[in-house]
Student: 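One structure, pasted below without further comment.
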There are 2 protein chains.
Amino acid sequence: MLSILVAAMSLPSVSLSLEQLLERVRRAVPRLTKGKKAVLSALYGAKHPLTAHEIYMHIAKGIHHTTSETPNTKQNLPIDLVTIYRNLEQLERLHLVVKIEHSQTGWRYALTDRPHIHTITCTECGQEISVGECLMADIEQFIAQKTGFTNIHHVVHFTGSCPQCQHHSAST
Amino acid sequence: MLSILVAAMSLPSVSLSLEQLLERVRRAVPRLTKGKKAVLSALYGAKHPLTAHEIYMHIAKGIHHTTSETPNTKQNLPIDLVTIYRNLEQLERLHLVVKIEHSQTGWRYALTDRPHIHTITCTECGQEISVGECLMADIEQFIAQKTGFTNIHHVVHFTGSCPQCQHHSAST
DNA sequence: TTTGCTATTGCAAGTAGATTGCAGTAATTT
DNA sequence: AAATTACTGCAATCTACTTGCAATAGCAAA
Ligand SMILES: [Mn+2]
Ligand SMILES: [Mn+2]
Ligand SMILES: [Zn+2]
Ligand SMILES: [Zn+2]
């Protein structure tokens, strides 16, 4: 059984450039707006799944602050958080974005079909560390065969007691 | 809109009676209260993981309604929802209860170490069906070895397009 | 380039799951 | 029975997320 796990660890990296991705989205949606581009760019550059708020912060930081030299025009206003939620919802319907997990601060989103890692959180101290590349591919394959579903994705999060916190346990 | 889990959990293979479970909890907590017993009883009898609100409703239904014959005493008042949340939190800290998944209506809780199944939800029509017994044991074993964590549990949910809804897809 | 259509946006208000403060209650020990 | 204090209920609060609506901005036809 562990052989399955080892086999699943060498992941195919499907590299689609941001421009290719945007072109694909342009064909799929009625309007390729500034907000949609910003959300896709944020997710494209992300090293791990992001919450809507993290996407918002990422976009806001990428925009010039208002100074006497750079006046407050519509170009340098951040995208409203509600617009980010609506764009994520639309991109989800197109299967271009997926909810990967529900963290303590809300859902985390990522581009579909990207190699990704999962994390484990200590329920006692809150420490969150990587458990490495996703090992769910074979399980999803199995589910696809068994159920006939397509576009299968998963929401996963692990919890436990980290090495520093292992004591006072009532369980086996 | 949202479908309810269909027969998501079987009874524990290692049969611990409710009385044995309560005895174990009695030794682990300072006070074995009416609320704690009610929460544990609800989870013990559940066929699938329950939300805090579902536990609340379960407890309320199990208590006599007030009539002229059965006056409104403290015995037939339901347990307050906030008390259910606090008891679940305490039982989680003792690793006796775990959050199994985040449904559309909130977190679902179950007794620890119970065999369980997982489900897949169609993102288009909302249909939710079983994918069979949990297949995560090997992955958890792998994570335990790699990270040194103990008491490892997981939150998992699958989504996809069901056979009846497979069309208009922008992904591969 | 200008114009028209309407998808999309920002703002504000609303929803609902979950948390917190606190005064009173009840489970347990002596 | 009395003492101790973990626990409870109520109300207020927090916050991730959604919804209504008038204004805006993609996009393409003219
Ligand atoms: Mn994964
Ligand atoms: Mn499982
Ligand atoms: Zn820890
Ligand atoms: Zn469907």
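Throughout, a chain's letter reflects where its sequence line sits, starting with A, and its residues are numbered from 1.
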Student: At under 4.0 Å between heavy atoms, what does Thr105(A) touch on the DNA or RNA strands: base, sugar-phosphate, or nothing?
Tutor: sugar-phosphate
Student: Are any side-chain N or O atoms of Lys99(B) and backbone N or O atoms of Val155(B), one a donor and one an acceptor, separated by less than 3.5 Å?
Tutor: no
Student: Using whole Å, what does the distance between atom C1' of nucleotide dG9(D) and atom CD1 of Ile59(B) come to?
Tutor: 14 Å
Student: Which of residues 80-88 of chain A sit near DNA chain C, with a heavy atom under 4.0 Å from it?
Tutor: Asp80(A), Val82(A), Thr83(A), Arg86(A), Asn87(A)
Student: Counting only side-chain nitrogens and oxygens, does Gln90(B) get under 4.0 Å of the OP1 or OP2 atom of dA6(D)?
Tutor: no
Student: Identify, between Val29(A) and Lys99(B), the residue whose nearest nucleotide on DNA chain C lies closer to the 5' end.
Tutor: Val29(A)
Student: Mind running side chain to side chain donor-acceptor pair (under 3.5 Å) on His153(B) and Thr112(B) for me, showing each step along the way?
Tutor: CA-CA 9 Å; His153(B) 296 293; Thr112(B) 300; 4.5 Å; no
Student: Starting the side chain at C-beta, find the nucleotide from dT8(C), dA18(C), dG10(C) nearest to Arg31(A).
Tutor: dT8(C)
Student: With heavy atoms under 4.0 Å as the rule, sort Glu89(B) into base, sugar-phosphate or nothing.
Tutor: nothing
Student: Could you tell me how far apart His53(A) (NE2) and dC14(D) (C1') are, to the nearest whole angstrom?
Tutor: 14 Å
Student: Can you tell me how far P of dT19(C) sits from CD of Gln104(A), to the nearest Å?
Tutor: 8 Å
Student: Does Arg114(B) offer a backbone N or O that forms a donor-acceptor pair with the side chain of His116(B) under 3.5 Å?
Tutor: yes
Student: In whole angstrom, what separates His102(B)'s NE2 from dC17(D)'s C1'?
Tutor: 10 Å
Student: Let me know the distance between CG of Leu50(A) and C1' of dA16(D), rounded to the nearest Å.
Tutor: 16 Å
Student: Give the rounded distance in Å between these two atoms: OH of Tyr109(A) and P of dA16(D).
Tutor: 12 Å
Student: Between Thr33(B) and Trp107(B), name the one whose nearest nucleotide on DNA chain C is closer to the 5' end.
Tutor: Trp107(B)
Student: For the backbone of Lys37(B) and the side chain of Ser41(B), can you confirm whether one donor and one acceptor N or O come within less than 3.5 Å of each other?
Tutor: no
Student: How close do Gly132(A) and Lys146(B) get, counting heavy atoms only, and between which atoms?
Tutor: CA-NZ, 3.8 Å
Student: Does Glu101(A) use its side chain to pair, donor to acceptor, with the backbone of Arg108(A) at less than 3.5 Å?
Tutor: no
Student: Taking Gly148(A)'s backbone N and O only, do any of them form a donor-acceptor pair with Gln166(B)'s side chain (distance below 3.5 Å, no angle check)?
Tutor: yes
Student: One thing to verify: whether Glu89(B) and Arg86(B) come together as a salt bridge, which I'm taking to mean a side-chain N less than 4.0 angstrom from a carboxylate O.
Tutor: no
Student: Restricting to side-chain hydrogen bond (donor to acceptor under 3.5 Å, both in side chains), what partner residues turn up for Gln20(A), sequence neighbours left out?
Tutor: Ser17(A)
Student: When the distance from NZ of Lys36(B) to C1' of dA27(C) is rounded to whole Å, what number comes out?
Tutor: 10 Å
Student: Calculate the interatomic distance between Leu91(A) atom CG and dT8(C) atom P; express it in whole Å.
Tutor: 10 Å
Student: Can you give me the bend angle of the helix from dT1(C)-dA30(D) to dT30(C)-dA1(D)? Use the axis through the first five pairs and the one through the last five, nearest 10 degrees.
Tutor: 30°
